[in-house]
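Starting from 1, each residue takes its place in the sequence as its number. Worth saying up front: this structure is predicted, and the values here are computed from it rather than measured.
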Amino acid sequence: LLDAGVPLERVLAHAADEAAGTPLASPWRAVHAAVRGGASLSQAVAAQSTLPPLLAPVLAASEASGALASGVGALADRYEEQAALRGRIR
């Protein structure tokens, strides 16, 4: 979504909506609120202990390099691959 030019705030709102009814709904809502309040995405994610620990440092590096969309895309690909692998194992 970020690659398509969708604003970060809308992407985060979508993430929170997609996580509705799961344990990740509350952390993504908190990240969304923190970013709306002025925090960087990496800071907001780092404050959520229930999110994977790899997220915050990768996001921080992506923000610093000006390549947030590609960093988010790489993370999404990684977690999608992990989910697919878990699905094949079960």
Side-chain angles (χ1 to χ4, degrees):
L1 293 174
L2 288 174
D3 277 337
V6 177
L8 179 59
E9 186 176 331
R10 286 189 52 207
V11 171
L12 293 173
H14 178 72
D17 290 345
E18 288 294 310
T22 74
L24 294 176
S26 180
W28 282 117
R29 282 193 304 269
V31 168
H32 182 223
V35 169
R36 274 194 336 246
S40 71
L41 179 57
S42 60
Q43 291 169 331
V45 167
Q48 300 302 312
S49 62
T50 56
L51 294 177
L54 180 63
L55 285 178
V58 171
L59 292 172
S62 298
E63 289 168 336
S65 69
L68 183 60
S70 64
V72 169
L75 285 167
D77 291 345
R78 181 183 188 322
Y79 289 116
E80 286 173 3
E81 289 170 6
Q82 285 180 345
L85 179 60
R86 279 193 299 274
R88 286 193 300 268
I89 292 172
R90 292 181 184 163

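By the side chain to side chain donor-acceptor pair (under 3.5 Å) test, Arg36 pairs with His32, sequence neighbours left out. Every residue two or more places apart in sequence or in another chain that forms a side-chain contact (heavy atoms from CB on, under 4.5 Å) with Leu85 is listed here: Arg88, Ile89. By the side chain to side chain donor-acceptor pair (under 3.5 Å) test, Glu18 pairs with no residue at all, sequence neighbours left out. By the side chain to side chain donor-acceptor pair (under 3.5 Å) test, Glu63 is found to be paired with Ser42, residues two or more places apart in sequence or in another chain being considered. Residues meeting the side-chain contact (heavy atoms from CB on, under 4.5 Å) test with Ala25, sequence neighbours left out: Ala19, Arg29.
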Which donor-acceptor pairs under 3.5 Å do side chains of residues 44-61 form with protein atoms, sequence neighbours excluded?
none

